[in-house]
Amino acid sequence: MAFTVLVLTALEDVTADWVIAALNEREVAVARVDPADIGPGLTFGFRIGADGPAWGGRLRTASREVELDEVAAVYCRRPTPYGARFEHLPRQQREFAAAEARHGLGGVLYHLTRATYVNHPSAVTRADFKPSQLQRFVGLGLAIPPTLVTNDVEAARKFAADHERVICKTFRGLPPGGDGRTGAIWAQRVDPQTFDAALAVTAHLFQAEVPKTADVRVTVVGRRVFAQQVAAPDGALDWRRGDWGELVHAPITVPSPIEAALHSYLESFGLIFGCFDFALTGEGDDPAHWTAIECNPNGQWGWLPDAPAITTAFADILSTEGGGRR
């Protein structure tokens, strides 16, 4: 039976380009699709009935035709939101059309019973809540910073009084602004003297600042683990806020207990891939010095020095484990 890897992502996605190139080198059939292209450039006809429990049918783009029963793996990268396809419509029509596309086209593409997903969108959604991440870290025996989630000014002041330094982080990135560009608010130290009734407007994430000696990014793809110590030249609290091209990297070995916990973490959420951030508070070979910060279940890794090896790991998962039907 034919073997196809379906890559769901936007047109401009260098990370996906690398993985697709690696799959092409292996002569694995790849179909790249952005579901938000739904319309004349992306058509489909899917069927299901009493004769079988799986969806069948064909997906057509301007350059490819894909039979659903040939899809053995799905790489869910960063597809364009459906709403972008219908921006020209009035609000009610736009939201209706986007929801119909998401539940119809997405409802089939995300329920291919014989395909391996890296990662499945529903698993990413479950794993994308920072409170859930922190709770899971603790359950697996990993150290985390003391944390408060609140909209109560007195609770925030009491938390700050209990810790020497407190930082504030967002739960999510900034949504697109009027120019369509997204943004970010980096982790930053806060002065409890500035806390006021405005805290009640929404939820806030406060953490005790960890006296770190370094940051570590750990990328896990299947059973393979890639770890880099990361430092910003200016010693910034949050290394993500500056020029990533100026970051200083050094490979680091993840202690066995930490590595085992990361595999358990991914398995518990139904994930195959994840990018973990840690703060080191001492020597890296001592598990007690690793403090778990967060896990991005669809994180960026193309900027890392070991990106070529990570690309190979993705290609291995998608072409070898994908459905096991090659």
Do any pairs count as a side-chain hydrogen bond (donor to acceptor under 3.5 Å, both in side chains) and have a residue in residues 280-289, sequence neighbours left out, and if so which ones?
-> none
Please name the pair of heavy atoms, one in Ala309 and one in Arg224, separated by the smallest distance, quoted to 0.1 Å.
-> O-NH1, 4.1 Å
With side chains defined as the heavy atoms from C-beta onward, is the minimum distance between Leu266 and Phe276 less than 4.5 Å?
-> yes
Check Val230, Ile252, Thr291 against Val216 for a side-chain contact (heavy atoms from CB on, under 4.5 Å) and give me the one that passes.
-> Ile252
Please confirm whether Phe206 and Phe195 have ring centers closer than 6.0 angstrom.
-> yes
Side chain to side chain, Ile167 and Gln188, heavy atoms closer than 4.5 Å = no
Under the side-chain contact (heavy atoms from CB on, under 4.5 Å) test, which residues partner Ala10, sequence neighbours left out?
-> Asp34, Thr80
Co-membership, hydrophobic cluster, residues Ile38 and Val71, 4.5 Å side-chain | yes
Donor-acceptor pair, side chain of Asn119 and main chain of Val124, under 3.5 angstrom | no
Do the non-hydrogen side-chain atoms of Leu199 and Asn151 ever get within less than 4.5 Å of each other?
-> no
Name the orientation class of the two ring planes belonging to Phe46 and Phe44 (parallel below 30°, tilted from 30 to 60°, perpendicular beyond 60°).
-> parallel
Check against side chain to side chain contact (heavy atoms under 4.5 Å, CB included), Leu271 and Val220 | CA-CA 10 Å; Leu271 299 168; Val220 182; over 6 Å; no
Out of Asp215, Val248, Leu280, which one pairs with Gln229 under the side-chain contact (heavy atoms from CB on, under 4.5 Å) rule?
-> Leu280
Would you name the heavy atoms of Gly274 and Cys295 that are closest together and state the gap between them?
-> CA-SG, 4.2 Å
Out of curiosity, Asp306 CG to Trp301 CH2, how far, rounded to the nearest 0.5 Å?
-> 10.0 Å
Measure the CG-CZ distance between Leu6 and Arg32 for me, rounded to the nearest 0.5 Å.
-> 11.5 Å
Any link between Val138 and Leu262 through a network of hydrophobic side chains (Ile, Leu, Val, Met, Phe, Trp, Tyr) touching at under 4.5 Å?
-> yes
Side chains of Thr219 and Arg217: does their closest heavy-atom pair fall under 4.5 Å?
-> yes
Work out which heavy atom in Ala307 is nearest to a heavy atom in Gly302; give both atom names and the distance.
-> CB-O, 3.7 Å
Residue pair Gly39 / Arg85: nearest heavy atoms and the distance that separates them = CA-NH2, 3.7 Å
Please round to the nearest 0.5 Å and tell me the distance separating atom CZ of Arg114 and atom CG of Leu68.
-> 9.5 Å
Are Phe159 and Val190 linked, directly or through other ILVMFWY residues, by side chains that come within less than 4.5 angstrom of each other?
-> yes
Sorted by chain and number, sequence neighbours left out, salt bridge (charged side-chain N to carboxylate O under 4.0 Å, His left out) with Arg165 holds for Glu209
Only pairs at least two apart or in different chains count here, so list each side-chain hydrogen bond (donor to acceptor under 3.5 Å, both in side chains) that has a residue in residues 35-58.
-> Arg58-Glu65, Arg58-Glu67
Greater than 12 external heavy atoms within 6.0 Å of Phe171's CZ | yes
For Glu259, side-chain contact (heavy atoms from CB on, under 4.5 Å) partners two or more places apart = Val225, Val254, His263
Roughly how far apart are Phe269 CZ and Phe129 CZ, rounded to 0.5 Å?
-> 10.5 Å
Using the test side-chain contact (heavy atoms from CB on, under 4.5 Å), find all partners of Ala21 that sit at least two apart in sequence or belong to another chain.
-> none
Flag side-chain contact, heavy atom, 4.5 Å: Val74 against Leu109 | no
Can you find a heavy atom in the side chain of Ile293 that is under 4.5 Å from one in the side chain of Pro145?
-> yes
Sorted by chain and number, sequence neighbours left out, side-chain contact (heavy atoms from CB on, under 4.5 Å) with Ala54 holds for Thr113
Write out all pairs satisfying ring pair (Phe, Tyr, Trp, His ring centres under 6.0 Å) with one or both partners inside residues 60-93, taking only residues at least two apart or from two chains.
-> Tyr75-Phe314
So, do Trp303 and His249 sit near enough that their side-chain heavy atoms are less than 4.5 Å apart?
-> yes
Going through the distances and angles, do His204 and Val153 end up as a side chain to side chain contact (heavy atoms under 4.5 Å, CB included)?
-> CA-CA 10 Å; His204 295 75; Val153 63; over 6 Å; no
Tell me, which pairs form a salt bridge (charged side-chain N to carboxylate O under 4.0 Å, His left out) where one or both residues lie in residues 149-160, sequence neighbours left out?
-> Glu154-Arg157, Lys158-Asp162
Consider only side-chain heavy atoms of I, L, V, M, F, W and Y, link residues closer than 4.5 Å, and tell whether Val14 and Leu318 are in one cluster.
-> yes
Nearest heavy atoms of Ser319 and Val28, plus distance in Å | CB-CG2, 3.7 Å
Less than 4.5 Å apart, any side-chain heavy atom of Thr9 and any of Thr15?
-> no
Tell me the side-chain hydrogen bond (donor to acceptor under 3.5 Å, both in side chains) pairs involving residues 122-150, sequence neighbours left out?
-> His120-Ser122, Asp128-Arg172, Arg136-Ser268, Thr147-Gln207
Pair listing, side-chain hydrogen bond (donor to acceptor under 3.5 Å, both in side chains) test, anchored in residues 93-109, at least two apart | Arg91-Glu95
Do you reckon Phe226 sits in the same ILVMFWY cluster as Ile258, going by side-chain contacts under 4.5 Å, direct or chained?
-> no
Check Phe3 against Ala72 and note the closest heavy-atom contact, atom names and distance.
-> CE1-CB, 3.4 Å
From Tyr117 OH over to Cys76 SG, what is the distance, rounded to the nearest 0.5 angstrom?
-> 7.0 Å
Kindly write out the residues that satisfy salt bridge (charged side-chain N to carboxylate O under 4.0 Å, His left out) with Asp13, not counting sequence neighbours, or none if the list is empty.
-> Arg77
Working to the nearest 0.5 Å, report the span between CG of Leu112 and CG of Asp69.
-> 10.0 Å
